[in-house]
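See structure below.
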Amino acid sequence: MFHILSSLDLSNEFFRYLFENYNQNFQSNIKESLGVLIFEEPSTRTKESFSLAFANLGIKAIDIHLQNSSTSKGETIYQTIDTLQNYAKKVVIVFRTGKAIITPPKCEYFINAGDGSHEHPTQALADILTIFQVLNCKFSPKFLDGINITICGDIQNSRVARSNVKLLHKFGAKITLVAPCHLMSKFTMEHFSSSFDCAFSHILTDEIIANSQFLMFLRNQNERQNQFIDTATHQYSMMHDRLQKLSHNSYIMHPGPVNIGAEICVQAFAHKNSLINKQVQNALIARTHLISWMLNS
Ligand code: CP
């Protein structure tokens with residue numbers, strides 16, 4: 001039986017073993033790569049898929065529970081990140097936070113797993129991979145030329161919308177943004193119009209549904225809305241009546257988590273042209289490839 005309750009419980013045999021072997025044992029314990037998950041906001045898809053992505057690559061990942069970490073004793077998260085980098089040669093930090101990351105921490109491998117209303121780059125990666133699979137085309141720098149994609153819902157507060165607009169526009173898609181006035185301000189419209197040539201509507205019309213090959217719905221970001229908004233969801237949600245207007249070659253997307261009955265109805269979620277579960281699967285594939293690519297570049 002070994003019970004170490006005091007420094008004096010350690011025998012001289014142990015000290016001899018430590019002092020004569022520390023070099024070789026220490027070296028073999030410093031692994032090549034380590035994943036570190038730091039999530040300040042709740043997550044299922046992003047956190048668990050990153051965890052599985054590291055496992056797929058044979059890389060150990062640790063999940064930092066901030067409420068039980070030294071950040072509760074005054075250490076900043078960036079100090080915690082500095083500290084954790086001592087545990088492996090290549091440490092991949094995956095960080096989700098409620099505010100925009102203006103200056104990332106000093107580290108070689110860093111992935112934004114969603115920062116406030118700002119960006120969610122790996123969700124956009126999963127979404128564009130899903131679209132690419134459906135189109136069944138060859139990759140080219142403008143492979144989305146001529147493809148109409150509508151993003152619908154809480155544009156104002158959605159990081160998924162921001163990351164997707166950038167990526168879809170880069171590859172040539174024509175993007176329409178749909179949201180009521182209080183979920184898409186004039187300033188937001190001006191930004192998306194001047195930088196990404198988006199079209200806008202405050203109502204999800206039959207014409208938009210008929211003309212969109214991909215209809216991407218967003219979660220209502222209630223936690224980011226600074227007042228309770230009695231949102232007139234019927235203006236932009238995919239409920240049963242609108243589902244009838246979906247053409248056979250148009251697809252429904254949603255990054256999740258889905259509020260059934262608010263953003264889309266259960267029939268839309270389960271529709272044969274719903275890509276929502278595919279997006280979840282592709283997020284794991286995309287994140288696995290991203291980590292592998294980063295570490296091997
Ligand atoms: N889509 C997405 O980021 O989901 P989670 O909040 O569950 O990670």
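The structure displayed is predicted, hence computed values, not measured ones. In listed order, ligands and their atoms are each counted from 1. In this chain, residues are counted from 1 in sequence order.
H65 and N68 share no side-chain donor-acceptor pair at under 3.5 Å.
Taking every heavy atom of T44 and a limit of under 4.0 angstrom, the matching atoms of ligand 1 come to 5 (P), 7 (O), 8 (O). Distances below 4.0 Å separate heavy atoms of G256 from the following atoms of ligand 1: 1 (N), 2 (C), 4 (O). Residue-ligand proximity, T46 to ligand 1, at heavy-atom distances under 4.0 Å covers atoms 2 (C), 3 (O), 4 (O), 5 (P), 8 (O).
Aromatic rings of F269 and F217 (six-membered ring for Trp) have centroids beyond the 6.0 Å cut-off, not under it. Taking the six-membered ring for Trp and the full ring otherwise, Y251 and H271 have centroids separated by 6.0 Å or more.
Of the candidates A126, P42, P255, the one placing a heavy atom closest to atom 1 (N) of ligand 1 is P255. With Q123, H254, H120 as candidates, the residue nearest to atom 3 (O) of ligand 1 on a non-hydrogen basis is H120.
What sits closest to atom 6 (O) of ligand 1 on the protein, heavy atoms only, is R96 NH1, 2.9 Å.
Salt bridge present: K47 and D63 bring a charged side-chain N and a carboxylate O closer than 4.0 Å. R242 and E207 are not joined by a salt bridge, as no carboxylate oxygen comes within less than 4.0 angstrom of a charged side-chain nitrogen.
Ligand 1 has no nitrogen or oxygen under 3.5 angstrom from a nitrogen or oxygen of P257. In terms of polar-atom proximity, defined here as any N/O pair under 3.5 Å, R45 does make such a contact with ligand 1.
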Using a 3.5 Å cut-off and no angle test, enumerate the donor-acceptor pairs between side-chain atoms of residues 143-150 and protein atoms at least two apart in sequence or in another chain.
from : atom 1 : to   : atom 2 : distance (Å)
N148 : ND2    : N211 : O      : 3.1
T150 : OG1    : S212 : OG     : 2.6

